[in-house]
Chemist: 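Quick one: the structure is below, and I'll ask about it shortly.
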Amino acid sequence: MDLELEKRTLRRVSWRIVPFIMLLYFIAYIDRVNIGFAALTMKEDLSFTASILGLGAGIFFWGYFLFEVPSNIVLHKVGARIWIARVMVTWGLISAGMAWVNSPTSFYVMRFLLGAAEAGFFPGIILYLSYWFPARHRAGVTAFFMAAAPISTALGSPLSAALLEMNGVLGFKGWQWMFIIEAVPALLLGVVVFFFMTDRPEQAKWLKDDERRWLV
């Protein structure tokens with residue numbers, strides 16, 4: 001009976017959580033790497049050298065490194081639902097703001113802020129999974145979650161390339177449209193996270209009573 005309950009509970013939890021967090025990581029990865037596509041044309045529009053673009057790409061990880069641990073501490077205290085929603089809305093706004101970069105300094109600042117905003121997402125989701133899956137099941141679930149990265153590269157690359165073709169529409173450059181349009185899913189999903197995500201198993205009304213008790 002316990003084995004049957006375990007399978008039933010984990011199946012229900014997996015279908016509820018894993019596809020959703022894969023979608024979130026898919027969007028996060030697109031917003032993280034789209035600078036590589038924007039650089040194809042923004043370097044000429046803004047007279048950026050390869051060293052400026054390289055430094056800006058690297059500065060993202062400075063912000064990521066500095067805020068990764070503090071962000072996870074806050075998530076543990078306030079709950080994943082509120083914090084992941086905040087993370088996604090913040091990085092969506094900053095990612096869209098990249099469309100108005102006009103100098104090396106503004107480029108560096110926005111890349112640092114984007115790294116700081118995204119810092120809480122990946123480690124936060126890993127922490128969140130530890131609330132829902134026993135240790136022996138966690139590696140498999142994490143592998144599914146991380147599979148969103150190569151999928152994002154495969155599907156996001158043609159999308160980014162297509163958006164660059166919007167050059168001149170409404171007076172915006174193609175790379176500006178790319179930053180704006182690819183930021184929209186993060187903003188929308190941030191709102192969805194707030195209403196859809198459940199912080200802890202004991203709060204999961206979508207589980208049956210025996211499933212909730214077993215998971216807790």
Side-chain angles (χ1 to χ4, degrees), residues 17-39 42 53-101 105-130 142-157 159-160 163 175-176 178-194 196-197 199:
I17 292 177
V18 177
F20 184 62
I21 63 171
M22 286 183 69
L23 174 62
L24 301 184
Y25 192 38
F26 177 91
I27 299 302
Y29 207 77
I30 286 179
D31 286 342
R32 182 185 302 183
V33 303
N34 60 10
I35 184 62
F37 293 94
M42 74 183 294
L53 289 168
L55 180 57
I59 282 177
F60 170 92
F61 293 99
W62 297 3
Y64 200 97
F65 173 76
L66 289 173
F67 289 92
E68 194 170 21
V69 173
S71 184
N72 244 27
I73 292 172
V74 175
L75 182 147
H76 186 66
K77 292 190 177 211
V78 306
R81 181 176 65 92
I82 292 174
W83 195 245
I84 296 296
R86 196 283 309 162
V87 165
M88 296 197 68
V89 170
T90 304
W91 104 49
L93 290 172
I94 295 171
S95 186
M98 285 288 297
W100 285 272
V101 162
T105 300
S106 61
F107 178 54
Y108 298 151
V109 169
M110 293 300 286
R111 287 294 294 177
F112 179 85
L113 291 176
L114 183 62
E118 275 198 39
F121 179 74
F122 184 87
I125 292 295
I126 298 301
L127 176 63
Y128 181 68
L129 292 177
S130 73
T142 303
F144 271 108
F145 166 59
M146 295 184 67
I151 295 173
S152 176
T153 301
L155 300 180
S157 298
L159 172 63
S160 296
L163 292 175
W175 59 269
Q176 292 177 305
M178 188 197 68
F179 282 127
I180 294 169
I181 292 174
E182 290 187 349
V184 171
L187 294 169
L188 296 178
L189 284 169
V191 177
V192 173
V193 164
F194 184 80
F196 181 78
M197 191 174 268
D199 284 330

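For reference, positions follow the sequence shown, starting with 1. Only heavy atoms go into these numbers, but all of them, side chains included; no hydrogens, no water, no symmetry mates.
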Chemist: Between atom CG of N72 and atom CD1 of I126, what is the distance when rounded to the nearest 0.5 Å?
Modeler: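 Going from CG on N72 over to CD1 on I126, the span is 9.5 Å.
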Chemist: Could you pull out all residues at least two apart from R111 that satisfy salt bridge (charged side-chain N to carboxylate O under 4.0 Å, His left out)?
Modeler: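 Residues passing salt bridge (charged side-chain N to carboxylate O under 4.0 Å, His left out) with R111: none at all.
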Chemist: Can you give me the closest heavy-atom contact between I94 and L113, atom names plus distance?
Modeler: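 That closest heavy-atom pairing would be CD1-O, 3.5 Å.
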Chemist: Are any of the side-chain heavy atoms of L114 and R32 separated by less than 4.5 Å?
Modeler: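 No; the side chains remain at least 4.5 Å from each other.
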Chemist: Shortest non-hydrogen contact from S157 to T153?
Modeler: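 Where S157 meets T153 most closely, the heavy atoms are OG-O, 2.6 Å.
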Chemist: Measuring from S130:OG to I125:CD1, what's the distance to the nearest 0.5 Å?
Modeler: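 That separation rounds to 11.0 Å.
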Chemist: Can you confirm whether V193 sits close enough to V89 that some side-chain heavy atom of one is under 4.5 Å from a side-chain heavy atom of the other?
Modeler: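 V193 vs V89: side chains apart.
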Chemist: One pair to check against side-chain contact (heavy atoms from CB on, under 4.5 Å): L155 and I30. What are the steps and the verdict?
Modeler: CA-CA 9 Å; L155 300 180; I30 286 179; over 6 Å; no
Chemist: To the closest 0.5 Å, what do you measure between CG (L189) and CE (M197)?
Modeler: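 Here the interatomic distance stands at 10.5 Å.
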Chemist: Is any side-chain heavy atom of I59 less than 4.5 Å from a side-chain heavy atom of F107?
Modeler: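 No. Closest side-chain heavy atoms not under 4.5 Å.
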Chemist: With rounding to the nearest 0.5 Å, note down the distance linking CG in L93 to CE in M98.
Modeler: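 It comes to 14.0 Å.
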Chemist: Looking at every non-hydrogen atom in both residues, tell me the closest pair between G92 and A186 and how far apart they are.
Modeler: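 Heavy-atom minimum between the residues: CA-CB, 4.0 Å.
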Chemist: Hey, what do you get for CZ (F37) to CG (L159), rounding to the nearest 0.5 Å?
Modeler: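 Going from the CZ atom of F37 to the CG atom of L159 covers 9.5 Å.
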Chemist: Near Y29 OH, under 6.0 Å, is it more than 12 heavy atoms from other residues, nucleotides or ligands?
Modeler: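 Counting neighbours around OH of Y29, 12 or fewer heavy atoms of other residues, nucleotides or ligands fall under 6.0 Å, so no.
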Chemist: Can you give me the closest heavy-atom contact between I180 and A99, atom names plus distance?
Modeler: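 Between these two residues, the closest heavy atoms are CG1-CB, 3.7 Å.
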Chemist: Measuring from atom CG of L187 to atom CD1 of I27, what distance do you get when rounded to the nearest 0.5 angstrom?
Modeler: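 The CG atom of L187 sits 11.0 Å away from the CD1 atom of I27.
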Chemist: Search all heavy atoms of F144 against all heavy atoms of V18 and return the closest pair with its distance.
Modeler: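 Taking every non-hydrogen atom into account, CB-CG1, 3.9 Å.
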Chemist: State which residues pass side chain to side chain donor-acceptor pair (under 3.5 Å) with E182; sequence neighbours excluded, sorted by chain then number.
Modeler: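 By the side chain to side chain donor-acceptor pair (under 3.5 Å) rule, E182 matches N34, S160.
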Chemist: Might you confirm whether atom CE of M146 has over 12 heavy atoms from other residues, nucleotides or ligands at distances under 6.0 Å?
Modeler: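 Counting neighbours around CE of M146, 12 or fewer heavy atoms of other residues, nucleotides or ligands fall under 6.0 Å, so no.
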Chemist: Taking the six-membered ring where the residue is Trp, are the ring centres of Y64 and F121 under 6.0 Å apart?
Modeler: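 Centroid separation for Y64 and F121: 6.0 Å or greater.
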Chemist: Cut-off 3.5 Å, no hydrogens considered: what does the side-chain donor-acceptor table look like for residues 74-88, sequence neighbours left out?
Modeler:
unit_1: H76; atom_1: ND1; unit_2: Y131; atom_2: OH; d: 2.7
unit_1: R81; atom_1: NH1; unit_2: F194; atom_2: O; d: 2.9
unit_1: W83; atom_1: NE1; unit_2: S71; atom_2: O; d: 3.2
unit_1: W83; atom_1: NE1; unit_2: S71; atom_2: OG; d: 2.7
unit_1: R86; atom_1: NH1; unit_2: T90; atom_2: OG1; d: 3.1

Chemist: Considering residues, nucleotides and ligands other than F196, do more than 12 of their heavy atoms fall under 6.0 Å from its CZ?
Modeler: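 Correct, the count exceeds 12.
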Chemist: Would you name the heavy atoms of F67 and F112 that are closest together and state the gap between them?
Modeler: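 Scanning both residues, the minimum pair turns out to be CE1-CZ, 4.1 Å.
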Chemist: Have a look at I35 and tell me which of F179, W175, F60 forms a side chain to side chain contact (heavy atoms under 4.5 Å, CB included) with it.
Modeler: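 The single option meeting the side chain to side chain contact (heavy atoms under 4.5 Å, CB included) with I35 is F179.
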